[in-house]
Visitor: 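Here's a structure for you.
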Amino acid sequence: MTLISGSTRLVGIIGWQVEHSLSPQMHNAAFAAFGLDWAYVPLPTPPERVADAVRGLGALGFVGANVTSPHKLAVAALCVTDAPSVNTLVVRDNGVEGWTTDAAVLSGLPSARSVIVGDGGAAIAFRQALPHARQFSRRGVWPPETEGADLVINATSARDEVVVRVGAGQTLVDLPYPETETAHAARRAGADVVTGLDVLVAQGAASFELWTGLPAPIDVMRAAVEAK
């Protein structure tokens, strides 16, 4: 249980909706592992108030925040960043910096022939990390073509349908959690599957290090989300 004191440093998650996010329990477990007097809180923010929320972080003494759907693109225009999509904010004396850690999970994965499915904020972050990737979306080119791909990223929010077919010799990065029908089908077909919880822990660890300057306790963070 996180105890709030008069000197507690605050971090939060800006999104709409955020009630089901696992980020608070993951980051509060990480802060506790280091004995930090820090707390991570949900900051439910409707789209018409997102600019107020970003401006208010510094005024309220926040160290930073994560940003989730549907605000990643909008927030990129409200902070100091070169990223087209922002999921991490760091409050400095001279303003709010924006970073993207969404694609941190790519470290060590094959990605020479990658495919991205989706066109939202997370998809844009992965496209920035994989500029050579082929991209498919229902508002663009559809259906996805994965023949010859070594890495397929499902950056859609669809849970109950198979949005892309992935098979043996390929790796699926499935962003939503809990696992989607796309992930279940890929696993049955013999693909390697990187789950949404893997993605959450990887991006969360990178955000933690930006805020604290400490190495993220990845095992603690994973145990916290798997305990849900």
Side-chain angles (χ1 to χ4, degrees), residues 13 15-18 20-23 26 66-76 83-88 100-207 221-222 225-226 228:
I13 180 168
W16 190 252
Q17 308 283 329
V18 293
H20 302 295
S21 173
L22 298 179
S23 291
M26 176 177 71
N66 281 134
V67 181
T68 190
S69 179
H71 300 326
K72 294 180 180 182
L73 301 182
V75 166
S85 172
V86 165
N87 81 318
T88 303
T100 179
T101 68
D102 274 328
V105 76
L106 292 176
S107 178
L109 294 180
S111 61
R113 302 178 306 280
S114 51
V115 167
I116 300 168
V117 183
D119 60 2
I124 289 171
F126 276 91
R127 184 60 186 269
Q128 184 183 24
L130 300 168
H132 59 281
R134 291 180 289 154
Q135 188 169 7
F136 300 88
S137 74
R138 286 190 170 97
R139 290 182 287 195
V141 179
W142 196 261
E145 298 174 5
T146 61
E147 184 176 355
D150 54 4
L151 179 69
V152 178
I153 297 157
N154 175 25
T156 75
S157 59
R159 299 182 184 278
D160 299 326
E161 63 175 309
V162 178
V163 297
V164 59
R165 296 286 179 178
V166 186
Q170 296 177 311
T171 298
L172 172 70
V173 177
D174 193 52
L175 268 61
Y177 60 85
E179 275 197 21
T180 66
E181 286 301 315
T182 298
H184 294 159
R187 190 174 279 111
R188 289 193 298 268
D192 294 326
V193 176
V194 177
T195 70
L197 291 183
D198 296 322
V199 176
L200 176 68
V201 171
Q203 63 86 12
S207 295
M221 297 171 81
R222 172 160 287 282
V225 297
E226 290 180 344
K228 179 66 173 177

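Keep in mind the model is a prediction, meaning the values are calculated, not measured. Computed from heavy atoms alone, side chains included, the values below leave out hydrogens, waters and symmetry copies. All residue numbers refer to positions in the sequence shown, counting from 1.
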Visitor: Where is the tightest heavy-atom contact between Val193 and Asp198, given as atom of each residue plus distance?
Guide: O-OD2, 4.5 Å
Visitor: Looking at CZ of Phe126 and CG of Leu151, how far apart are the two atoms once the value is rounded to the nearest 0.5 Å?
Guide: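 One finds 8.5 Å between CZ of Phe126 and CG of Leu151.
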Visitor: Donor-acceptor pair, distance only, cut-off 3.5 Å: does the side chain of Arg113 make one with the backbone of Gly148?
Guide: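 Judged by distance alone, yes, a pair lies under 3.5 Å.
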Visitor: Where is the tightest heavy-atom contact between Ser85 and Ile124, given as atom of each residue plus distance?
Guide: CB-CG2, 4.0 Å
Visitor: Can you measure from CG (Leu200) to OH (Tyr177) and round to the nearest 0.5 angstrom?
Guide: 5.0 Å
Visitor: Only one of Glu226, Arg222, Met221 forms a side chain to side chain contact (heavy atoms under 4.5 Å, CB included) with Met26, so which one is it?
Guide: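 Of the listed residues Glu226, Arg222, Met221, the side chain to side chain contact (heavy atoms under 4.5 Å, CB included) partner of Met26 is Met221.
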Visitor: Hey, are the side chains of Gln135 and Val141 touching, using non-hydrogen atoms and a 4.5 Å cut-off?
Guide: no
Visitor: Please tell me if the side chains of Trp16 and Pro70 come closer than 4.5 Å, counting only heavy atoms from C-beta onward.
Guide: yes
Visitor: Looking at Ala149, is its backbone amide N or carbonyl O close enough to the side chain of Thr146 to form a donor-acceptor pair, meaning the two atoms are under 3.5 Å apart?
Guide: no
Visitor: Which pair of non-hydrogen atoms, one from Ala76 and one from Pro84, has the smallest distance, and what is that distance?
Guide: CB-O, 3.5 Å
Visitor: Using modelled atom types and a 3.5 Å cut-off, is there a donor and acceptor pairing between side-chain atoms of Asn66 and backbone atoms of Asn87?
Guide: yes
Visitor: If the test is side chain to side chain contact (heavy atoms under 4.5 Å, CB included), which one of Leu175, Val117, Val199 qualifies with Ile153?
Guide: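 So the option named by the test is Leu175.
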Visitor: Which heavy atom of Leu73 sits nearest to which heavy atom of Gly121, and what is that distance?
Guide: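 What the structure gives for the nearest pair is CD2-CA, 4.0 Å.
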Visitor: Quick check on side chain to side chain donor-acceptor pair (under 3.5 Å): which of Gln203, Gln128, Lys72 does Asp102 satisfy it with?
Guide: Lys72
Visitor: Considering non-hydrogen atoms only, spot the tightest contact between Ala191 and Gly167 and give its length.
Guide: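 Taking Ala191 first and Gly167 second, the nearest heavy atoms are CB-O, 3.2 Å.
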Visitor: Can you see which heavy atom on Pro176 is nearest to which on Ala158, and at what distance?
Guide: CG-O, 4.3 Å
Visitor: Taking the side chain as everything from C-beta on, heavy atoms only, tell me whether Asn154 gets closer than 4.5 Å to Val173.
Guide: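 Sidechains of Val173 and Asn154: no contact.
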Visitor: Does any non-hydrogen side-chain atom of Thr88 lie less than 4.5 Å from one of Val67?
Guide: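 Of all side-chain heavy-atom pairs linking Thr88 with Val67, none is under 4.5 Å.
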Visitor: Can you find a heavy atom in the side chain of Val75 that is under 4.5 Å from one in the side chain of Val86?
Guide: yes
Visitor: Quick one: does Thr182's side chain have a donor or acceptor within less than 3.5 Å of a partner on Val163's backbone?
Guide: yes
Visitor: Please test Leu172 against Asp192 for side chain to side chain contact (heavy atoms under 4.5 Å, CB included), starting from the C-alpha separation and ending with a verdict.
Guide: CA-CA 6 Å; Leu172 172 70; Asp192 294 326; over 6 Å; no
Visitor: For Ala104, is there any backbone N or O sitting under 3.5 Å from a side-chain donor or acceptor partner on Thr101?
Guide: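 Side chain of Thr101 to backbone of Ala104: no pair is present.
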Visitor: Mark yes or no for whether Arg134, through its side chain, and Glu145, through its backbone, hold a donor-acceptor pair below 3.5 Å.
Guide: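 Flag set: sc Arg134 to bb Glu145 pair under 3.5 Å.
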Visitor: For the residue pair Asp150 and Ser111, confirm or rule out a side-chain donor-acceptor distance under 3.5 Å.
Guide: no
Visitor: Any side-chain to backbone donor/acceptor pair from Ser137 onto Gly118? Under 3.5 Å, distance only.
Guide: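 Here the side-chain-to-backbone pair does not exist.
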Visitor: Report yes if the side chains of Thr171 and Val152 come closer than 4.5 Å at any heavy-atom pair, otherwise no.
Guide: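 Not touching, per the 4.5 Å side-chain cut-off.
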Visitor: Which salt bridge (Lys or Arg N to Asp or Glu O under 4.0 Å) pairs, counting each pair once, include a residue from residues 155-178, with sequence neighbours left out?
Guide: Arg138-Glu161
